Visitor: 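Below are the structure tokens for one structure; questions will follow.
Heavy-atom basis, side chains included; hydrogens, waters and symmetry copies ignored. Note that the coordinates shown come from a computational prediction; the quantities given were computed from them, not determined experimentally.
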Amino acid sequence: MYSNFELDVLKEIGNIGAGNAATALSIIISEKVLIKIPEVIILPFNEVIDVMKDPEGFVTGIFFRIEGELESNCVLIIPEKETKNLLKLLLKEDVKDLLTLNDMEQSALKEVGNILVSSFVSALSDFTKLNLKISVPSLALDMAAAILSFPLTIYGIMGDTALLLSTEFYGDSDGVLIDFYLIPDDDKSFKKLLKAIGVDIFDDDTSWNR
């Protein structure tokens, strides 16, 4: 469906954006933050959950809409243990139950998400010259599969196929582990992204879905 060159270009975009986001997160928590090489995952919609490490695990999800010239979604998935560690790094306090997070704790998590996604989107905008902006963050606490299913169900379906740009942030200690998903709305958004970085795409659907 997509050439290796197109997928490599998307990986490079993810690498640049994630690198900037990792630097921002490192400054926030005063800890070295590394990233895994981003993966571009294109697969049948009903198999999306299978790529998650622990789809039934309880996690924090932070959701953003990317608007402007590229309609997409960003979802950050932070496992329960890492959410507690992150809050301890940020607020110097222990959190025992994520279901009882107070306003300050929720605000701290949203702010981390906001800085990470802003850094990523800024790099993406600089690289593509597309005018992009992000929504205010939405926070959810649920099973990982339920949180990731939400944007995929509403926006992320390309026919019977979904596209995920996924990377992972991790720190020197066990305090940081964040999965990052960039999910273009549809074929049109994906095509616009590739055109913006100079990949020559024909306008007819047949050539695109070769």
Visitor: To the nearest 0.5 Å, how far apart are CG in Asp142 and CD in Glu56?
Guide: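 CD of Glu56 is found 11.5 Å from CG of Asp142.
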
Visitor: Look at the side-chain heavy atoms of Ile, Leu, Val, Met, Phe, Trp and Tyr, link any pair under 4.5 Å apart, and say whether Ile115 and Phe169 land in one connected group.
Guide: yes

Visitor: Please report the shortest heavy-atom distance between Ser119 and Ala24, naming the atom on each side.
Guide: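 For Ser119 and Ala24, the tightest heavy-atom pair comes out as OG-CB, 3.4 Å.
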
Visitor: Is Leu99 reachable from Met143 through a run of hydrophobic residues whose side-chain heavy atoms are each under 4.5 Å from the next?
Guide: no

Visitor: To the nearest 0.5 Å, what is the distance between OG (Ser107) and CG (Leu90)?
Guide: 10.5 Å

Visitor: Near Asn102 CG, under 6.0 Å, is it more than 12 heavy atoms from other residues, nucleotides or ligands?
Guide: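 Atom CG in Asn102 is packed in, count exceeds 12.
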
Visitor: Is any side-chain heavy atom of Ile16 less than 4.5 Å from a side-chain heavy atom of Leu124?
Guide: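 Side-chain contact under 4.5 Å: no.
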
Visitor: Please answer whether the main-chain N or O of Ser72 pairs with a side-chain N or O of Arg65 as donor and acceptor at a distance below 3.5 Å.
Guide: yes

Visitor: So, does Ser125 use its side chain to make a donor-acceptor pair with the main chain of Val121 at under 3.5 Å?
Guide: no

Visitor: Answer yes if Leu25 and Leu91 sit in the same cluster of Ile, Leu, Val, Met, Phe, Trp and Tyr residues linked by side chain heavy atoms under 4.5 Å apart, and no otherwise.
Guide: yes

Visitor: Calculate, to the nearest 0.5 Å, the distance between atoms NZ and NZ belonging to Lys84 and Lys88 respectively.
Guide: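 Rounded to the nearest 0.5 Å, the NZ-NZ separation comes out at 11.5 Å.
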
Visitor: Going through the distances and angles, do Ile35 and Asn15 end up as a side chain to side chain contact (heavy atoms under 4.5 Å, CB included)?
Guide: CA-CA 8 Å; Ile35 59 171; Asn15 206 27; 3.8 Å; yes

Visitor: Measure the spacing between CG of Asp54 and CD1 of Ile77 and express it to the nearest 0.5 Å.
Guide: 11.0 Å

Visitor: For a 4.5 angstrom cut-off between non-hydrogen side-chain atoms, does Lys133 reach Ile66?
Guide: no

Visitor: Could you tell me if the side chain of Thr167 sits less than 4.5 Å from the side chain of Ile37, heavy atoms only?
Guide: no

Visitor: Could you go through the side chain to side chain contact (heavy atoms under 4.5 Å, CB included) check for Ile178 and Glu168 one step at a time?
Guide: CA-CA 6 Å; Ile178 302 175; Glu168 182 180 297; over 6 Å; no

Visitor: Are side-chain heavy atoms of Asn114 and Phe64 found at a separation under 4.5 Å?
Guide: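 Side chain of Asn114 against side chain of Phe64, heavy atoms only: contact under 4.5 Å found.
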
Visitor: Would you kindly confirm whether Ile27 and Val33 end up in one hydrophobic cluster when ILVMFWY residues are joined by side chain heavy atoms under 4.5 Å apart?
Guide: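 Ile27 does not cluster with Val33.
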
Visitor: What is the distance from atom OG1 of Thr60 to atom CG of Leu86, rounded to the nearest 0.5 Å?
Guide: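 One finds 9.0 Å between OG1 of Thr60 and CG of Leu86.
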
Visitor: Using every non-hydrogen atom in the two residues, find where Gly113 and Leu76 come nearest and quote the distance to one decimal.
Guide: CA-CD1, 3.5 Å

Visitor: Output yes when Glu71 and Lys192 qualify as a salt bridge under the 4.0 Å nitrogen-oxygen rule, no when they do not.
Guide: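 Salt bridge flag = no for Lys192 with Glu71.
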
Visitor: Nearest 0.5 angstrom please: Ser138 OG to Ile147 CD1, how far?
Guide: 11.5 Å

Visitor: Donor-acceptor pair, Ser30 side chain versus Ser26 backbone, under 3.5 Å?
Guide: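 Checked: no pair found.
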
Visitor: Would you say Leu132 and Glu67 make side-chain contact, with heavy atoms under 4.5 Å?
Guide: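 No, every pair of side-chain atoms sits at 4.5 Å or beyond.
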
Visitor: Measuring only between side-chain heavy atoms, which start at C-beta, is Leu101 closer than 4.5 Å to Leu87?
Guide: yes

Visitor: Is any side-chain heavy atom of Phe63 less than 4.5 Å from a side-chain heavy atom of Leu148?
Guide: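 When only atoms from C-beta onward are counted, Leu148 and Phe63 do not touch, as no gap falls below 4.5 Å.
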
Visitor: Can you confirm whether Phe58 sits close enough to Leu141 that some side-chain heavy atom of one is under 4.5 Å from a side-chain heavy atom of the other?
Guide: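 Yes, their side chains come closer than 4.5 Å.
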
Visitor: Using 30° and 60° as the class boundaries, would you call the ring planes of Phe180 and Phe120 parallel, tilted or perpendicular?
Guide: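 If you compare the ring of Phe180 with that of Phe120, the planes turn out tilted.
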
